[in-house]
S.K.: 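Sharing a structure below in structure tokens format, with a few things to ask.
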Amino acid sequence: MVENQEIARTFRKIADILGIQGESQRRVRAYRRAAETIDGLEGDITAKWREGKLGDLPGIGDVLAAKIEEMLTTGKLGFYERLVQQVPPGVVEMLDVPDVGPKTAGRVWKELGVTSIDELESAARAGTVQQLQGMGPRTEARILEGIASLRRRTGRTPLGAAWYSAYEILASLEGLQGVQRAAPIGDLRRMQDTVADGGLVVASRDPALVTEHLARLPLVSELLANDGITTAIRSSGGLELGLHIVEPERWGTALQYLTGSQAHNAALGIVAQQQGYRLSKRALVREDGTEVLCADEKLVYRHLGLPFIPPELREGRGEIEAAREGRLPPLIEYADIQGDLQMHTTFSDGHQSVAQMAEAARARGLHYILITDHSYGMAVAGGLREEELQEQRAEIDAVNAGCSGVRVLAGIEVEIRADGTLDYPDEVLAGLDIVVASLHTGLRTGRERTTRRLLSAIRNPHVDVIAHPTGRLLGRREGADLDMEAVLRAAAETGTALEINAHPDRLDLSDVHVARAVELGVKLAINSDAHDVRDLDHLIFGLATARRGWATADDVVNAWSLERLLAWARSRGA
DNA sequence: GCCGTTTTCGGCCCGACTGTTTTCAGTCG
């Protein structure tokens, strides 16, 4: 699958460069579309090529098929190599700045000679950018804000990318000779929404052998060594992961210590001191210097007189006091999740049919799903008109009649419009089992307006769930400026659930907002927002975010039985 | 650049928002 990623990445880069060069939007789009197709491919693209079936893939015709073939046979692409010569890499990087698109990047480069984000910043500060035709002081200010926002998040990788990368490597290590155990550490194990100090710990008596194994993995592009000892690995996706190899009898302390966070370990260190220990990666050390080895992480906490504290809670947010006083909540677990209340189908921008989504959900042990295609306001996503909603209802009824072992509920992801009203009238919404509402546009129209729109949707008795409340996209876009406290209080008052969107690009609500929601008694929904059956697997990220916010199964409506869920929804529609 | 047909070329998911315009271009979803 390395080839798939590589080809998709190359096509996206080509699209970027062609865009900057002012090529036709259609041509640019063709490359992006092909990249999406390749990313979404189930199997290895090499197999497709061998079967001579590249042309069957949507968005791939003769020209792109030939380019894929060139990459698979020669490992490179002449067209791409010529293209990258034509535009400085720093100009392409400017596209990462919010509000800077291909036109702007191309113009500041050609008209001002700006070839990097740093130079763009200088030019904007110097007031040079606003001298260009069609650009003014506000555009300049937006560019500066965009650069600042980009800087704030560099060095952090969204959880999903880091997690998949690390777990593929962990899976390859499992069962290898010399490897006794392996686990993630750092903010990766704590499942923070973005990862900065994630890594792996491996228990082994033969570090050299482990290093040798790692070096041979196709998922590992580079071993980073310090004094001859491997301390980090770079994944084929470019992610840097710290690496620690420890003796098996020191596994527990190492795992605990390296998982952190710093705040948690600092607080735990005080507890240790009170018991006459010092906390370290190698062992619990008594005052006389003797070591207490812990082969198991639970033992570390037990020695310190504490119950086990789940990694997601280890942020120094009062978890140690709570553990001491027996107040740790019974965190929601994966097995508690009964259903999924947001997913899309081919009726709008999803990849599969209602029946296929239902089957995929059944295979994952879910008992019910809510189909939530977009309403017509999301024209770009093929949003549904009212009559299409009726057609979909018929299909849902048919799937349920076929008794697939999972109950399919009829819903919608209805647009909250600029004035706070919804895309469908109340009588249409009343006919649905559960209504999910969300904002996709006007996310930067200001705190007052965004808050007002959300409050208006929350107060609509037909709306049961507010999806991805802030609209943030990790690593790409910060959430809308809004009065979250007011939103949470309104949701608590009306009994409207707020979504923890489990897509690893969103994780919205964030853990901090979840914690406040739990305090206020706001109901939550952990939803995959799947646009493809495989996206159902993202629920684990939403689950982790819920746990990081100290949520229990009772706080989460889709951890309830179908009967309880529907009774809740019905009680709200009044 | 793809696709479906009209088998050679025209259409390709569209609308909101912003800031610069004085009628529209660029970005985003």
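Chain identifiers are assigned alphabetically (A, B, ...) following the order of the sequence lines, protein sequences preceding nucleic acid strands; residue numbering begins at 1 within each chain.
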S.K.: Check the phosphate of B:dT18 against A:Thr139, side-chain N and O only, distance under 4.0 Å to OP1 or OP2. Yes or no?
M.R.: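 The answer is no; no side-chain N or O of A:Thr139 sits under 4.0 Å from OP1 or OP2.
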S.K.: Given A:His344, which of A:His503, A:His351, A:His374 fulfils the ring pair (Phe, Tyr, Trp, His ring centres under 6.0 Å) condition?
M.R.: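 Among the candidates, only A:His374 passes.
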S.K.: For the side chain of A:Ala418, counting heavy atoms from C-beta on, which of B:dC17, B:dG26, B:dG15 is nearest?
M.R.: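 Nucleotide nearest to A:Ala418's side chain: B:dC17.
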S.K.: Kindly point out which of B:dT27, B:dC14, B:dG1 is positioned nearest to the side chain of A:Leu64?
M.R.: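 Taking heavy atoms from C-beta onward, the closest nucleotide is B:dG1.
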S.K.: Rounded to whole angstrom units, what separation is found between the CG atom of A:Asp423 and the C1' atom of B:dA16?
M.R.: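 Going from A:Asp423 (CG) to B:dA16 (C1'), I get 13 Å.
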S.K.: Now, which nucleotide makes the Watson-Crick or G-U wobble pair with B:dG11, with each of the two distances under 3.5 Å?
M.R.: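 Across all strands, the one nucleotide that pairs with B:dG11 is B:dC2.
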S.K.: Between B:dC17, B:dG19, B:dC14, spot the one nearest the side chain of A:Ala379, thanks.
M.R.: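 Output: B:dC14.
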S.K.: Is any side-chain nitrogen or oxygen of A:Ser24 closer than 4.0 Å to OP1 or OP2 of B:dG1?
M.R.: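 Answer is no, no contact under 4.0 Å.
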S.K.: Give A:Leu443 one of three labels, base, sugar-phosphate or nothing, depending on what nucleic acid heavy atoms sit under 4.0 Å from its own.
M.R.: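 Here A:Leu443 touches no strand at all.
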S.K.: Given the side-chain rings of A:Tyr31 and A:Tyr80, with only the six-membered ring counted for Trp, is the space between their centroids under 6.0 Å?
M.R.: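 Here the rings of A:Tyr80 and A:Tyr31 have centres that are no less than 6.0 Å from each other.
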S.K.: Grab the NZ-C1' distance between A:Lys103 and B:dC28 for me, whole Å please.
M.R.: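 Taking atom C1' of B:dC28 as the reference, NZ of A:Lys103 is at 15 Å.
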S.K.: When all nucleic acid strands are considered with a 4.0 Å heavy-atom cut-off, which category describes A:Leu57: base, sugar-phosphate, or nothing?
M.R.: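 A:Leu57: backbone/sugar contact only, no base atoms under 4.0 Å.
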S.K.: When you check the side-chain N and O atoms of A:Asp511 and A:Thr545, is any donor under 3.5 Å from an acceptor?
M.R.: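 No, because no side-chain N or O of A:Asp511 sits under 3.5 Å from a partner of the opposite role on A:Thr545.
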S.K.: Tell me: CE of A:Met135 to P of B:dG26, nearest whole Å?
M.R.: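 Rounding to the nearest Å, CE of A:Met135 and P of B:dG26 are 9 Å apart.
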S.K.: It should be established whether A:Arg142 places a side-chain nitrogen or oxygen under 4.0 Å from OP1 or OP2 of nucleotide B:dG19.
M.R.: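 It does, given that an N or O in the side chain of A:Arg142 lies less than 4.0 Å from OP1 or OP2 of B:dG19.
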S.K.: When you measure from the side chain of A:Thr445, which nucleotide among B:dG1, B:dT18, B:dT27 comes out closest?
M.R.: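 When the side chain of A:Thr445 is considered, B:dT18 is the closest of B:dG1, B:dT18, B:dT27.
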S.K.: Minimum heavy-atom separation for A:Ile337 and A:Leu543, please, with both atom names.
M.R.: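 Closest heavy-atom pair between A:Ile337 and A:Leu543: CD1-CD1, 4.0 Å.
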S.K.: Which of these nucleotides, B:dG1, B:dG15, B:dC13, is closest to any side-chain atom of A:Ala30?
M.R.: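 Ranking B:dG1, B:dG15, B:dC13 by closest atom to the A:Ala30 side chain puts B:dG1 first.
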